[in-house]
Amino acid sequence: MKAFVLIFCLSIFGINIGNVEKAENVKTEYIPYGIYVKSDRDKALLEGDKCMSGVYIWEENIYSDIKNFEEKTLTSNDIYISRLIPGEDFPKGEIIDCYAKGKQPMLIIEKGFGSSQIMKAAEICGNINIPLFVEIKDNDKEVYECFAEIFREYAPRSVMVYGIDSADNVDMFPDENLVDWIAIEAKEKMKNGIIMSEYENISSKCNYFKNKTLMLNISVPNFSIEKCNYAYNEAANEISRLYSLALDYGNVGAVNYISIIEKNENTVSCNYRITENQIITEAFKRGVEGLEKDRYWTLTPYAAYVWGSNVIVSNECVKSLGLKGEFVNSGFSKIKASGFNKSERKVFVNS
């Protein structure tokens, strides 16, 4: 395939295919790049000009308050998350403290609540009367719609988030008027000492919901009791990969790291804490810093072939993305790029 692309491109620019041997010193070779286009969709409620960084820290060890966590990680995060868990009190103090510190509060409602309990939670949120992300983690369409309608009535300043697992199929979607954001949940596991990545599943969901505003709720294990396995370097690499998805998909408006531990009979069975090791903390810091970049370029499923400033794409790509192309032959066209990232093999085009 590589040889075919090379010969094809040589023929385009007037290098005689029969004299390829004479042209070997020219080293003309087209390299595949990912194509990124500018996103023009409308912003969702509370969506910023940059991708926001969020975190859940209340299961951290000595860094389970905003000031200590940000000093430890050398980050300034936009969103701080509280969780409402069956059998536990409503985290009203956490939410008010978060807002008082100039951060955006978010409440994740775990599964297991009835409508009367949700009504009480919505009334509390309404009485607090601040802008608040509210994620309902129940991808049963009817349950979500019932709970979201309660919040619309009793806590109208709440921004409703529909939570789905990264590995789940999306068979039925709730009433769009009740969904402001979609949260893709990716709590990764370890198996036989290896981190089971959800990168591909998340990427697929980002592409599937390309016209929706998304947040990614990610957790990466750095220790599992299964083989008493510490995986700091592997976890750091995976964290970097997952944060990079926000740079590939302009519809990702927030990336939230859920820093937790799992216990079995009071013994840690799996550790997801971001401050557990400096390698992990540094990866998180780099991920947060990366979110400061321009987030409105979205990765397309097409490839461009680049040599110098010359860019060749398929005619299907030209038609699908609405590009202006200079016809080359029945299969390909030449286009102008608005920018390149040579090290990451990215080409940016305006449709």
Side-chain angles (χ1 to χ4, degrees), residues 52-113 121 124-125 128 130-135 137 161 163 183 185-190 215-225 230-232 235-236 238-240 242-243 254-289 291:
M52 293 184 284
S53 168
V55 66
Y56 172 81
I57 63 171
W58 312 111
E59 292 180 45
E60 279 284 348
N61 201 356
I62 59 174
Y63 305 107
S64 58
D65 66 85
I66 293 173
K67 182 175 182 293
N68 280 342
F69 181 81
E70 295 198 343
E71 287 178 352
K72 168 63 178 177
T73 60
L74 300 178
T75 60
S76 179
N77 298 284
D78 305 292
I79 300 169
Y80 278 85
I81 297 170
S82 299
R83 294 163 70 199
L84 183 58
I85 300 170
E88 297 188 4
D89 293 336
F90 188 95
K92 183 176 179 180
E94 289 178 8
I95 291 171
I96 293 173
D97 180 65
C98 171
Y99 191 68
K101 287 182 167 61
K103 307 295 184 179
Q104 174 58 57
M106 176 172 173
L107 177 66
I108 294 179
I109 300 177
E110 301 290 347
K111 294 182 180 181
F113 287 97
I124 295 172
C125 291
I128 294 174
I130 60 175
L132 178 70
F133 283 116
V134 177
E135 178 186 348
K137 283 181 67 173
V161 183
E185 303 284 336
K187 183 183 177 185
E188 297 185 339
K189 301 292 185 182
M190 291 187 76
M215 59 174 62
L216 311 182
N217 293 346
I218 62 173
S219 298
V220 179
N222 57 68
F223 166 80
S224 173
I225 200 173
Y230 293 86
Y232 296 139
E238 179 67 4
I239 289 168
S240 297
L242 296 184
Y243 271 87
V255 181
N256 302 319
Y257 192 91
I258 312 300
S259 188
I260 58 175
I261 56 171
E262 288 184 344
K263 287 187 176 182
N264 184 9
E265 296 181 355
N266 294 322
T267 299
V268 174
S269 58
C270 199
N271 194 334
Y272 297 88
R273 282 176 176 159
I274 207 69
T275 65
E276 197 64 28
N277 183 278
Q278 193 61 28
I279 296 172
I280 308 293
T281 306
E282 285 294 328
F284 170 73
K285 177 175 177 289
R286 290 192 300 271
V288 171
E289 290 172 345
L291 301 183

(message) Please evaluate residues I218 and V255 with respect to the criterion side-chain contact (heavy atoms from CB on, under 4.5 Å), reporting the C-alpha separation (whole Å), side-chain torsions for both, the decisive distance (0.1 Å), and the verdict.
(response) CA-CA 8 Å; I218 62 173; V255 181; 4.1 Å; yes

Nearest 0.5 Å, please: how far is [atom2] in [Y] from [atom1] in [X]?
{"X": "C270", "Y": "I260", "atom1": "SG", "atom2": "CD1", "result": "8.5 Å"}
{"X": "N271", "Y": "I225", "atom1": "CG", "atom2": "CD1", "result": "11.5 Å"}
{"X": "E282", "Y": "L74", "atom1": "CD", "atom2": "CG", "result": "7.5 Å"}
{"X": "I66", "Y": "E94", "atom1": "CD1", "atom2": "CD", "result": "9.0 Å"}
{"X": "I280", "Y": "I239", "atom1": "CD1", "atom2": "CD1", "result": "5.0 Å"}
{"X": "I96", "Y": "K101", "atom1": "CD1", "atom2": "NZ", "result": "12.0 Å"}

(message) Below 30° counts as parallel, above 60° as perpendicular, anything between as tilted: where do the rings of W58 and Y80 land?
(response) tilted

(request) Determine the interplanar angle of the Y230 and F223 rings, folded into 0 to 90°, and report it as parallel if under 30°, tilted if 30 to 60°, perpendicular if over 60°. (result) tilted

(request) Might you work through the side-chain contact (heavy atoms from CB on, under 4.5 Å) test for N256 and Y56, ending with a clear yes or no? (result) CA-CA 7 Å; N256 302 319; Y56 172 81; over 6 Å; no

For [X] against [Y], the heavy-atom pair lying closest together:
{"X": "D89", "Y": "L84", "value": "O-CD1, 4.2 Å"}
{"X": "L107", "Y": "L132", "value": "N-CD1, 4.2 Å"}
{"X": "L242", "Y": "L216", "value": "O-CD1, 4.2 Å"}
{"X": "S219", "Y": "I258", "value": "OG-O, 2.8 Å"}
{"X": "Y232", "Y": "I279", "value": "O-CG2, 3.8 Å"}
{"X": "M190", "Y": "S224", "value": "SD-CB, 3.6 Å"}

(request) Check step by step if side chain to side chain donor-acceptor pair (under 3.5 Å) holds for E276 and N222. (result) CA-CA 8 Å; E276 197 64 28; N222 57 68; 5.9 Å; no

May I ask you to decide if [Y]'s main-chain N or O and [X]'s side chain share a donor-acceptor pair within less than 3.5 Å?
{"X": "S259", "Y": "E60", "answer": "no"}
{"X": "D78", "Y": "S53", "answer": "yes"}
{"X": "Y272", "Y": "E188", "answer": "yes"}
{"X": "Y257", "Y": "V220", "answer": "yes"}

(message) Between Q278 and K72, is the side-chain contact (heavy atoms from CB on, under 4.5 Å) condition met? List the steps.
(response) CA-CA 10 Å; Q278 193 61 28; K72 168 63 178 177; 3.5 Å; yes

(message) When you compare the side chain of S64 with that of F69, does any pair of heavy atoms fall below 4.5 Å?
(response) no

(message) When you compare the side chain of P131 with that of Y99, does any pair of heavy atoms fall below 4.5 Å?
(response) yes

(request) Mind checking salt bridge (charged side-chain N to carboxylate O under 4.0 Å, His left out) for E70 and listing every partner two or more places apart, or none if nothing turns up? (result) K103

(message) With side-chain contact (heavy atoms from CB on, under 4.5 Å) as the test, pick out the partner of E59 among E262, R83, K263.
(response) R83

(message) Could you walk me through whether N217 and E135 satisfy the side chain to side chain donor-acceptor pair (under 3.5 Å) test, starting with their C-alpha distance in whole Å, then the side-chain angles of each, then the deciding distance to 0.1 Å, before giving a yes or no?
(response) CA-CA 11 Å; N217 293 346; E135 178 186 348; 2.9 Å; yes

